[in-house]
Structures are given as structure tokens and as C-alpha cells.
Amino acid sequence: MKQIAILGFGTVGGGVADILADSADLIAASVGEPLALKKVLDLRDFPGNRFESLLTKNFEDILDDPDIAIVVECLGGKTFAYDYTKRLLATGKSVITSNKDLVAAYGAELLELAYQNKAHYLFEASVGGGIPIIRPLTHDLKANRIQEIYGILNGTTNYILTGMTDKGSTFEDTLRDAQQLGYAEANPASDVDGKDTANKVSILASLAFGKHVYPTAIPTEGIRSISDEDISLALSKGYHIKLIGRTTLNDDGSVYSYVAPHLVGENNMLSGVNGVFNGIVVRGDQVGDVMFYGRGAGKYPTASAVVADVIDCAKTIDQPQPPLWVDGAAISEGSEQESRWYVRAGETCNASVFGAFDMISASAFITKSMNQHDFIRALDIFKKTNTVVNALRILD
Ligand code: HSE
């Protein structure tokens, strides 16, 4: 019987404990032996909780317990989680995490540390909540050179934008709902300002291209600038506004990644991805486009991905894998990809500097298809006589 500990008894940690207990038979059948939850670390008290007897406030109770082979880290953040993860891996304990901040910031280092100590460091739940995406990238799509990954990677902002689009709800009301449903980060600014999406893009890019793409190398824009007016102007042309994270491999081997709101056309696969759902499109040179879809946040969807890693780890505990990526990515400042762009000015405007264009209102228009460099050059000229309220890429 393998023994498990959980660090952090919040939304995801609590879900992991429930699944380990409630699906114990299923898990034992899959692993070939039972898994037992032995300890749970949290500084808070949980009187009357079914796992109360397993709770400890002392990390060393877990670190020094030779029977605990697998530790689930659901602390979040980078302070204690980083220190504890390093100490656990250094003693040869495997660590499973949903903590995208940590993987995005220190993945190369922690993967190497795990390998040196014959341990696993697994993080399926760090991207896309319950959607299987890490394992497909590391196993099922291995015959492909990945060319691009893009998608809706944050449940909270997608829930907010869907509420504003479909129900005319306010930003504040939908954010409050998302927090109550356990979708938002402890600090929801991370969701709203796109940082959570940037962490996920960092992990996907690092996995896909084998070199660590740090979040600091990902230009990131959130959804605070999106107003009801943008949403209805976009809708009048059949577009939905979505926060998109994207990473592309350029021909010279450099990687361009970014996070920004986009207008998504009705025929695009991401157009119907609403509410807390995430959708991730992976483009491989052999398979073409593959899309992954499911609940991107929430207690049990995320815990289900964590427990899948626990099962995988328990089954292959003596077969640690070489690091999935290492340092040294070449980062590009832009991409040559062409698209149309949506621009809304603060006043009645003349868009002739963009060449061909389509006016949506007196102050908003859609450009012809152009690459980022040409668009920014035209936008800079436009800004000399106009105020730009929003300039967003279009995914047709
Ligand atoms: N706050 C995150 C989201 C949780 O809304 O997607 C899942 O990573």
C-alpha cells in the first residue's frame, strides 16, 4: 500500500482527499494496490471534517515520514510551495501539483531536481483544470512537431465574458459568482489580468518546445479593458470576445507567446467554449489540429486531474522520466501570423491608414488581414489623430 500526503486543504486539496477516499476501489484496481491518504497539512482547523484526524500543521511530519512516497501540493503561490517541493524532491518523494505559478516559474529546476532524486514531478492539473492536456502532449502527440497551441485557458475570465455576453451581467457580479463557485484564484487579479493564462501558456510552450518559456517572456493583457460596447459591437458581426493564450514556433526555432483578448468568429472551434469551460487547440505537423475541451476550473474537475497523476505516479514510481524541458528557449518578440484586427477609437474616426477596412460603427472598425508589425505601424499613425480604446486580434 502506498501512502499519500496532501499539502493544503483548500478547494483542490479537499477535492483530492474526497476522490482518494470515495473512489478508493477504482484507484486500487488501476494501481494494483490500495493508496492510503496518511496526512494533510494545513494551518487551519477543520472541526468535524471527515479527514480531521489526518490533519497536521507541521510540514516535517510529512517530510520525515518514510512511509509517505507521494505528496500532493495544493498550496498555491511560490513561497512555501517552492521550498517544500524542493525539500520533498530532494528526499526522493514524488510531488504532484496543481500549482501553475510554481511550475511556470521553476519547472526546469524542479523537473531536474526530481530526476536527480529518482522522483516524479507531475502537474496535469496545472493547465485546463480537469482536461487531459499535459499527458496527451507528453505521450499521445509525441510523433508530432508541435507548431502552435492556442486556447481559452482560464475558467474565471471565460465565465465573466460569457455572463457579460449572454446575460448582460456586470463584470463585478460574474466575478463574485466565479469566486463563490471556487473557480477564481485566491487573488482574482491573476485571472482577470491574464497572469493565470500566461502561467498556463508558459507550461504548454515549455512542454511543446522542450525549453522553458518563462511567464516574464509572455506579453500579457487581461480583460479589464473589455466593455459592454466592445461585446455588442463584436456580436453585431458574429464575434465573441474571449481571452486567448497562444504560443507559436517560428521557422527560425524561436517561440512567440502572448495572452490577450480576441474576437473569435462563429466558425472557430473556440467560439462555443463558454462559462467555466476551457478549449485548447494543439497543431501538430502530422496530426493537424486537435482540440481539448472540458471544465477548466473547479474543485472536482481539477482534483480529478491531480488524482490521475497520483495513480500514474504510483504505477510507475520506480521509472522516473528525464526532465520534460530544460532552460534555454529562444524567445521571439512577434509573429508573422496574419489576422484581421478590431479597433475601437474614442471618437468618430477615419480608418484609411489601415488600407481596406470594415466600419462597424462611427468609431469602430475591422481591418484587412495584416501581420502584427504592419498593424502596429498603422496603429501608431492612427493614434496621432485618434484615441484608441481597444485594439484586438481576430481569430476567424
Ligand atoms: N483560476 C483558474 C481558472 C483556476 O479560473 O481557470 C484553474 O486553473
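Predicted model, so just to flag it, every value in this text is computed and none were measured. Starting from 1, each residue takes its place in the sequence as its number. We count ligands from 1, going down the list as the structure has it; atoms in each ligand are counted the same way.
When the heavy-atom distances from atom 3 (C) of ligand 1 to N154, L181, T157, T302 are ranked, the shortest goes to N154.
The shortest N or O to N or O distance between A297 and ligand 1 is not under 3.5 Å. Taking any N or O of S126, backbone or side chain, none lies under 3.5 Å from an N or O belonging to ligand 1.
When hydrophobic clusters are built by joining Ile, Leu, Val, Met, Phe, Trp and Tyr residues whose side-chain heavy atoms come closer than 4.5 Å, directly or via intermediates, V103 is grouped together with I146.
Ligand 1 lies within reach of G296, whose nearest heavy atom is under 4.0 Å from it.
Those atoms of ligand 1 with a heavy atom of G155 less than 4.0 angstrom away are 3 (C), 5 (O), 6 (O). Numbered from 1 in the order shown, with element, the atoms of ligand 1 that lie under 4.0 Å from a heavy atom of K200 read 2 (C), 3 (C), 6 (O), 7 (C), 8 (O). Which parts of ligand 1 touch D191 is read off a 4.0 Å heavy-atom cut-off, strictly below it: atoms 1 (N), 2 (C), 3 (C), 5 (O). Ligand-side atoms of ligand 1 in range of E185: 1 (N), 2 (C), 4 (C), range being under 4.0 angstrom from any heavy atom.
Under 4.0 Å is where a charged nitrogen must lie from a carboxylate oxygen, and between D312 and R135 at least one such pair does. For R377 and D380, the salt-bridge test fails: no basic side-chain N is under 4.0 Å from an acidic carboxylate O.
Of all the heavy atoms of T156, the ones lying under 4.0 Å from any atom of ligand 1 are found in both the backbone and the side chain.
The side-chain contact (heavy atoms from CB on, under 4.5 Å) with I4 is formed by just one residue from the set V72, I68, V16; it is V72.
Taking the centre of each ring, Y258 and Y150 stay at or above the 6.0 Å mark. Aromatic ring centres of F9 and F46 lie closer together than 6.0 Å.
Side chains of Q3 and D67: a donor-acceptor N/O pair is absent below 3.5 angstrom, by distance only.
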